[in-house]
Chemist: 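I'd like to ask you about the structure that follows.
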Amino acid sequence: MACWDSPTIVFFDLETTGLCVKRCHITQLGASYEDYNFDQYILPRIPIQEKASELTGMTVSGGRLFVYGQRVKTVFVYRALKSFINFLGDFHGPVLLAAHNSRRFDELVLMRLLAKFSLFKRFKKVVSGFVDTLLLSKDLYPDLHGYSLQKLAHRFLGGEYNCHNAVDDAELLEKLFNIWDPNDEDIWNVTKWI
DNA sequence: TGCCAGGCCCTCTTTAGGGCCTT
């Protein structure tokens with residue numbers, strides 16, 4: 001039986017220049033909780049890898065970021081992180097941040113940048129930990145043939161999903177989570193406290 | 001110009017290797 005107050009779980013997703021958690025730059029930071037969304041594009045200081053560009057539609061030209069050819073407003077990564085912390089601080093009590101494969105990717109990238117910009121202390125005041133929905137889906141449904149966000153969306157929501165937009169993916173993850181309706185112990189098992 | 005991964009999990013394993021998951 002759970003003996004803790006269930007914290008708010010905010011779903012988030014990063015689009016990045018590539019898959020190297022030690023070096024990649026964030027190109028979009030998105031989050032979702034019910035009717036509240038966070039969405040900021042960031043101009044990367046390193047090239048976007050071809051595969052990442054193919055998936056997200058993002059390109060850089062003349063020091064500007066484009067998504068499928070449409071220019072988008074960008075902010076410096078430091079400002080995006082501070083805005084994200086402020087967004088999370090508006091919720092009641094420290095929140096849990098949930099992402100798909102967060103333990104191997106999103107969490108690592110985010111924590112690296114928070115440390116780099118000396119924002120971890122502020123972040124820690126509003127976030128208590130990370131929930132990995134990839135591990136959660138494996139725990140809840142051990143007999144599935146695949147656990148990618150796309151496959152899970154197809155399995156539980158029907159249709160084809162190929163978002164690769166940070167906010168859309170965060171919203172999609174929130175929908176899946178609500179369908180799965182895990183109990184506190186399920187969530188606890190895949191939560192990494194910070 | 002730069003940058004182009006990494007760690008867990010599973011099995012036809014363990015003196016290994018391939019698949020998965022994120023962009």
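So that the names make sense, note that chain A is the first sequence line, chain B the second, and so on, each numbered from 1.
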Chemist: Is Ile48(A) touching bases, backbone alone, or none of the nucleic acid, heavy atoms closer than 4.0 Å?
Modeler: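 Nothing, no nucleic acid heavy atom in range.
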Chemist: Would you say dC4(B) has OP1 or OP2 under 4.0 Å from some side-chain N or O of Arg23(A)?
Modeler: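 So the side-chain polar atoms of Arg23(A) do come within 4.0 Å of the phosphate oxygens OP1 or OP2 of dC4(B), strictly under.
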Chemist: Classify the nucleic acid contact of Leu134(A) as base, sugar-phosphate or nothing, counting any heavy atom under 4.0 Å across all strands shown.
Modeler: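 Sugar-phosphate: the residue Leu134(A), judged by heavy atoms under 4.0 Å, touches backbone atoms but no base.
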Chemist: Side chain of Asn101(A) only, please: which of dC4(B), dC21(B), dT23(B) is the nearest?
Modeler: dC21(B)
Chemist: Base, sugar-phosphate, or nothing for Asp106(A), non-hydrogen atoms under 4.0 angstrom?
Modeler: nothing
Chemist: Return the value, rounded to whole Å, for the distance between atom CG of Leu19(A) and atom C1' of dC20(B).
Modeler: 12 Å
Chemist: Phe12(A) has an atom CZ; how far is it from atom P of dT23(B), in whole Å?
Modeler: 11 Å
Chemist: Could you tell me whether Ser53(A) contacts a base, only the sugar-phosphate backbone, or nothing, with contacts defined as non-hydrogen atoms closer than 4.0 Å?
Modeler: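 Touches nothing.
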Chemist: dC8(B) C1' sits how many Å from Arg104(A) CZ, rounded?
Modeler: 6 Å
Chemist: Closer than 3.5 angstrom, by distance alone: can the side chain of Arg112(A) be matched with the main-chain N or O of Val21(A) as a donor-acceptor pair?
Modeler: yes
Chemist: Would you kindly give the NZ-to-P distance between Lys22(A) and dG7(B), to the nearest whole Å?
Modeler: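 One finds 6 Å between P of dG7(B) and NZ of Lys22(A), rounded.
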Chemist: Rounded to whole angstroms, how far apart are CD on Glu107(A) and P on dA5(B)?
Modeler: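 It is 21 Å, rounded to the nearest whole Å.
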Chemist: From the set dA5(B), dC21(B), dT23(B), return the single nucleotide nearest to any side-chain atom of Phe105(A).
Modeler: dT23(B)
Chemist: Specify the residue among Asp13(A) and Val21(A) whose closest nucleotide of DNA chain B lies further upstream toward the 5′ end.
Modeler: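 Of the two residues, Val21(A) wins.
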Chemist: Identify the residue among His100(A), Glu15(A), Gln28(A) that makes a side chain to side chain contact (heavy atoms under 4.5 Å, CB included) with Asp169(A).
Modeler: Glu15(A)
Chemist: Measure from CG on Asn165(A) to C1' on dT23(B) and round the result to the nearest Å.
Modeler: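 Rounded to the whole Å, the gap is 13 Å.
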Chemist: May I have the distance from Leu55(A) (atom CG) to dT23(B) (atom C1'), rounded to whole angstrom?
Modeler: 7 Å
Chemist: Base, sugar-phosphate or nothing for His100(A)? Non-hydrogen atoms, less than 4.0 Å.
Modeler: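 Sugar-phosphate contact only - His100(A) comes under 4.0 Å of backbone atoms but never of a base.
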Chemist: Taking all atoms of both residues into account, what is the closest heavy-atom pair of Phe91(A) and Val10(A), and its distance?
Modeler: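 Looking at all heavy atoms of both residues, the closest pair is CE1-CG2, 3.8 Å.
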Chemist: Step through the shown structure and confirm whether more than 12 heavy atoms of other residues, nucleotides or ligands are within 6.0 Å of CZ on Phe76(A).
Modeler: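 Open.
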Chemist: What distance, rounded to whole Å, do you find between the two C1' atoms, one in dC4(B) and one in dC8(B)?
Modeler: 22 Å
Chemist: Count the heavy atoms of every other residue, nucleotide or ligand shown that sit under 6.0 Å from CZ of Phe156(A), and state whether that count exceeds 12.
Modeler: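 Yes, enclosed.
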Chemist: Given the C1' atoms of dG19(B) and dC12(B), what is the spacing between them in whole Å?
Modeler: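 It comes out at 14 Å once rounded to the nearest Å.
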Chemist: Atom CG of Leu43(A) and atom P of dG2(B): how far apart are they, to the nearest Å?
Modeler: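 It is 18 Å, rounded to the nearest whole Å.
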